[in-house]
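A quick note: this is a predicted structure, and the numbers were derived from the prediction, not measured. In each ligand, atom 1 is the first atom listed, and ligand 1 is the first ligand listed.
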Amino acid sequence: MSRGHEIRQQYLEFFATRPGAAHRIVAPAPIVPPDDPTLLFTSAGMVQFKSLYSGAIDPLPYTRAATCQPCLRAGGKGSDLENVGKTLRHHTLFEMLGNFSFGDYFKREAIRWAWEFVTQVLKLKEDRLFPTIFIDDPEAADIWAEETGAHYAPVPLGAKDNFWGPAGETGACGPCSELCYFMGSEEDLAQIKAMFKESKEKALATLAKRIDQEGDVFLEIWNMVFPQFDQQRDGSRPPLKNRGIDTGAGLERMTTVTSWQEGLAGTPYETDLLWPITKAAAELVGVDYVRVLDDPKREHATARLGVNAITDHTRALCFCLAEGITPGNVGRGYVVRRIQRRALRFASLLGQQDPFMERLVEPVLDTMGATYPHLKAQAEFIKKAIRIEEASFLKTRNRGMKLLDEVIAQTKDAQKTTLDGAEAFKLWDTYGFPKDMTKEIAEDEGLVFDESGYAMALAAQKERSREDWKGQQGGAGAEFLEKLEAELGETTFTGYKSTSQSAAKVIAIIGAEGRVDAAREGDEVTVVLNTTPFYAEAGGQIGDTGFLIGSAGENLFEVEDTQKTPKSLYLHRGAVVGLSLKVGDIVRCEVDAQRRMAIRRNHSTTHLLQSALKKYVGSHTSQAGSFCGPDGLRFDFTHPEAIDQATLRKIQHEVNTYILQDAPVITEVMPLDEARSRGAIAPFGEKYGATVRVVQMGEGKDRVSLEFCGGIHLDRTGQAGHFRIVSEGSVAAGIRRIEAVTGERAVALELEEQYGVVNPLQLQLATKGTAVVERVEQLTARIKQLEKLLAQEKSKAATANLDQFVAKAFSLGDCKVAVAHIAELGPNELRTVATTLQQKLGETGVAVAATESDDKKQFVVACGAVALKTHPAGTVVNKIAAAFGGKGGGKPELAQAGAKSDLPLEPVLAKLSQLLA
Ligand code: SER
């Protein structure tokens with residue numbers, strides 16, 4: 001079997017432990033970048049480090065890092081979605097290995113280590129490795145020649161290939177140097193070599209072309225960016241504060257080439273990273289999957305293509321859903337929907353008409369769950385979300401079928417022979433009705449399919465969704481919206497005090513293709529009204545939902561989300577549920593009042609939470625983002641470390657006290673200066689006009705909060721009912737997040753804990769109240785005592801057997817080093833093992849005792865009187881612990897250290913002679 005899972009480990013280990021490298025292993029960031037609103041998804045390993053390059057974080061917590069980062073490249077800039085399946089190298093979700101430097105090492109070390117890893121660890125054949133460089137970077141070419149044994153001079157490429165970044169709109173970018181692995185035939189390789197002999201220039205020019213055109217043959221496996229510019233919004237590129245290294249090495253690709261070289265797997269879908277999923281997908285859709293290695297002519301490519309896409313997409317879906325990104329009509333949700341529907345479309349083309357996809361979740365969890373346990377934790381949710389979206393697809397597919405029949409009839413009636421491409425695209429875009437199905441059916445009916453019309457509509461849509469994200473508005477493009485703003489002006493918002501409005505006029509409807517006069521049942525459109533009570537998402541408060549209602553009281557339009565343009569033109573997005581909706585219609589607006597009330601509870605409570613945080617954690621805590629929805633609230637704030645339970649309890653109590661005070665909530669619009677002089681808190685980085693809206697809770701000396709805010713609040717704090725913190729954690733370096741619930745949810749949570757946890761515990765332990773805690777403490781103490789006894793027994797057994805380690809001792813200069821690795825020893829026992837072992841080795845002995853339990857590692861080093869002069873115990877123990885990101889200290893004769901890391905102990909201990917040299 002190929003060894004993708006092993007390569008992941010080897011890479012991290014290499015950069016953590018290679019002498020001279022010592023990178024900090026950093027956990028991957030979520031798929032949704034926590035602090036970069038210009039980015040749809042985490043699309044590269046460097047995303048979580050943007051502020052380390054720019055210098056926004058100072059001092060730097062570390063200057064070298066290595067990660068394995070799941071990246072999603074679908075939707076928005078640099079989407080690979082449409083390529084997945086068609087090529088073997090593109091994925092929506094893939095794992096990117098990266099070593100990073102922030103103002104630390106630069107090109108030389110990066111290139112040297114890259115070469116060392118691929119040739120010595122992966123053992124890739126050197127004559128199949130082709131480096132490339134940025135055309136204006138002769139320095140990189142020199143380094144390749146000086147630092148590596150590369151067979152070929154690097155191929156110079158232009159900015160399209162070898163200038164990377166930024167991720168999103170701003171930040172670190174710079175020239176790159178890549179490594180491509182040649183997967184072509186021996187004959188082809190011989191010709192390339194001959195060409196180099198004949199003329200280097202000619203060979204480089206030919207290779208530049210081939211690398212560009214034959215991406216699956218010259219597989220790019222390693223990209224080193226040398227970020228040195230800091231792209232600004234205005235297009236300028238000043239030097240980057242902490243220039244450095246940003247490596248992106250695709251795990252799937254490295255696994256593919258390593259196993260291809262070993263004759264094991266020809267594509268990523270056949271490696272251990274994906275094969276269990278591929279195999280299950282093929283079985284579920286009834287395809288006899290012929291592996292590429294058994295099919296050198298690639299005759300089965302078409303059948304494979306669909307299965308590969310389903311495989312890739314299901315895995316990506318699991319990652320998205322595990323983070324709660326569910327299919328929807330805007331932003332990230334829209335991308336997730338497209339990923340799933342693309343997979344379903346392939347399944348349907350391969351003949352699978354029934355639901356099947358949920359059954360692929362287990363194979364995904366089996367392959368990825370050990371590395372990404374959060375997937376397993378969300379297994380049931382993932383399955384459910386996949387099931388629901390699949391059912392909805394199957395329904396729309398039937399609806400699309402009916403519409404397609406109509407379009408075909410109209411085409412024939414008009415005596416045309418070509419089925420309009422734009423219509424076909426609409427079927428896909430609005431109803432999820434697959435193009436290939438449309439095409440097939442049209443051709444069966446004797447019609448020609450208008451490929452170019454389809455391609456144009458697709459390109460226009462792509463442009464729209466790109467613009468869309470830029471404007472953070474969803475739906476139409478930024479330019480289009482500016483025009484609309486200029487024509488229609490600002491919407492009058494009437495919703496601060498009410499959730500309904502008896503008459504509003506529909507002044508514009510925007511469909512997938514632009515403005516329309518009317519929309520029919522089922523159409524998903526955006527509606528603009530002259531006046532509205534629907535709150536548009538802003539300041540962390542989610543947009544309102546509800547209905548637009550006709551004169552006979554019938555629901556006309558379901559508002560699924562409300563957004564607004566920068567100039568406050570309100571956009572109601574959703575679906576027509578009545579027969580039709582026309583520009584000029586007068587409608588009644590009904591906001592979902594219950595949902596709105598829940599949102600108000602959460603919003604007002606974030607203000608109270610902010611006050612309590614300032615009181616108990618400190619006045620330095622400033623808001624770094626928030627979200628108030630109907631189900632709960634999220635509040636991000638600056639603070640360098642975790643907040644302990646006792647403080648959290650105080651904060652929770654404080655907020656509940658504010659709620660019980662039932663303080664009035666007063667909103668006022670006032671001049672900016674006045675708001676400032678009254679001491680109102682303004683979120684950092686926002687721009688304000690001459691007058692601002694200020695929300696105050698409590699009056700006079702009882703004032704508990706005063707904040708700039710445009711959101712909708714409770715009338716009195718008492719309406720929040722109850723406040724309950726659900727979690728506290730870190731979202732980025734220096735930023736913490738509290739998640740909490742209010743109102744009914746908070747009460748439900750308390751009850752659930754009482755009846756689901758506390759009462760059963762009381763019964764089980766046959767005791768009540770705080771005695772339960774005491775009892776658990778006693779039990780824990782007893783377990784500890786027993787563990788200690790066990791450890792003593794173990795150490796007795798261990799010290800009795802130390803001669804085996806002495807036998808394996810190696811020399812280090814004039815010293816002798818012996819290593820004892822014994823599982824699950826306590827600190828005292830570990831020390832005994834170290835000192836006993838040292839005594840056995842004598843005065844020149846360096847005894848290393850190591851143990852681990854879960855991800856906790858402990859080391860003790862004991863040195864004899866001679867050894868400690870050249871190899872003091874503190875130095876030795878720190879060298880070892882540093883490989884796992886830990887450190888320690890002690891005396892020259894005895895020192896200890898600890899570390900928390902998932903890296904296994906054994907490989908590092910096995911290489912100890914190198915590490916200590
Ligand atoms: N940022 C670069 C990439 O995504 C290297 O990590 O390719």
Side-chain angles (χ1 to χ4, degrees), residues 7-8 11-12 14-15 23 25-26 28-29 31 33 36 38-54 64-81 83 87 89-102 104-107 109-111 113-114 117-118 131-134 137 140 157-181 211-212 215 218-231 237 240 242-254 316:
I7 293 175
R8 187 193 292 118
Y11 180 92
L12 295 176
F14 178 87
F15 282 98
H23 288 64
I25 307 296
V26 175
I31 302 277
D36 191 342
T38 72
L39 256 183
L40 203 48
F41 297 111
T42 294
S43 55
M46 62 80 70
V47 165
Q48 66 165 317
F49 300 121
K50 281 172 85 170
S51 52
L52 271 66
Y53 287 113
S54 71
R64 296 174 178 197
T67 59
C68 176
Q69 173 70 57
C71 297
L72 193 70
R73 290 197 174 164
K77 185 175 150 189
S79 171
D80 284 333
L81 179 62
N83 286 325
T87 74
R89 64 187 185 280
H90 289 106
H91 295 285
T92 49
L93 180 121
F94 64 100
E95 291 180 87
M96 186 187 270
L97 297 166
N99 52 288
F100 305 90
S101 144
F102 320 106
D104 192 329
Y105 67 88
F106 202 42
K107 298 181 190 179
E109 291 85 343
I111 290 176
W113 292 334
F117 184 80
V118 299
T132 73
I133 50 160
F134 180 50
D137 190 3
L157 299 176
K160 177 171 121 343
D161 290 297
N162 274 351
F163 191 98
W164 194 90
E169 289 172 12
T170 55
C173 55
C176 336
S177 179
E178 299 179 335
L179 256 183
C180 297
Y181 182 91
I211 287 174
D212 185 43
F218 287 89
L219 192 62
E220 175 209 325
I221 55 165
W222 195 295
N223 179 18
M224 275 167 278
V225 185
F226 311 126
Q228 43 194 285
F229 305 108
D230 193 1
Q231 173 93 43
R237 275 186 187 160
L240 190 63
N242 295 318
R243 76 163 197 189
I245 292 298
D246 154 24
T247 307
L251 177 62
E252 291 79 1
R253 292 184 183 182
M254 282 207 283

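With contacts defined as side-chain heavy-atom distances shorter than 4.5 Å, the pair Trp222/Met254 qualifies.
The single protein non-hydrogen atom nearest to atom 7 (O) of ligand 1 is Asn223 ND2, 3.1 Å, given as residue, atom name and distance. Residue, atom and distance of the protein heavy atom nearest to atom 1 (N) of ligand 1 are Asp246 OD2, 2.7 Å.
In this structure, the separation between OG on Ser54 and CG on Asp230 is 6.0 Å, given to the nearest 0.5 Å. If you take CG on Leu93 and CZ on Arg73, they are separated by 11.0 Å, rounding to the nearest 0.5 Å.
Annotation: cation-pi geometry satisfied between Arg243 and Phe106 (NZ/CZ under 6.0 angstrom from ring centroid, within 45° of ring axis).
Residue contacts with ligand 1 for Met96 involve side-chain atoms from C-beta outward but no N, CA, C or O (heavy atoms, distance under 4.0 Å).
Geometrically, ligand 1 and Met46 share no nitrogen or oxygen pair separated by less than 3.5 Å. Checked by distance only, ligand 1 and Ser43 stay at 3.5 Å or farther apart across all their nitrogen or oxygen atoms.
Near Val225, meaning under 4.0 Å from any of its heavy atoms, are these atoms of ligand 1: 2 (C), 5 (C). Within ligand 1, counting atoms from 1 as listed, the ones closer than 4.0 Å to a heavy atom of Ala44 are 1 (N), 4 (O). Near Thr247, meaning under 4.0 Å from one of its heavy atoms, ligand 1 places the atoms 5 (C), 6 (O). Of all atoms in ligand 1, numbered sequentially from 1 with element shown, those under 4.0 Å from a heavy atom of Gly248 are 5 (C), 6 (O).
Residue contacts with ligand 1 include Arg73, since one or more of its heavy atoms lies under 4.0 Å from the ligand.
Defined by atom type and a distance below 3.5 Å, a donor-acceptor pair is present between the side-chain atoms of Asn162 and Thr132.
Tyr105 and His23 have their aromatic ring centers within a separation under 6.0 angstrom.
Between Phe102 and Phe100, the ring-plane angle classifies as parallel under the 30° and 60° cut-offs.
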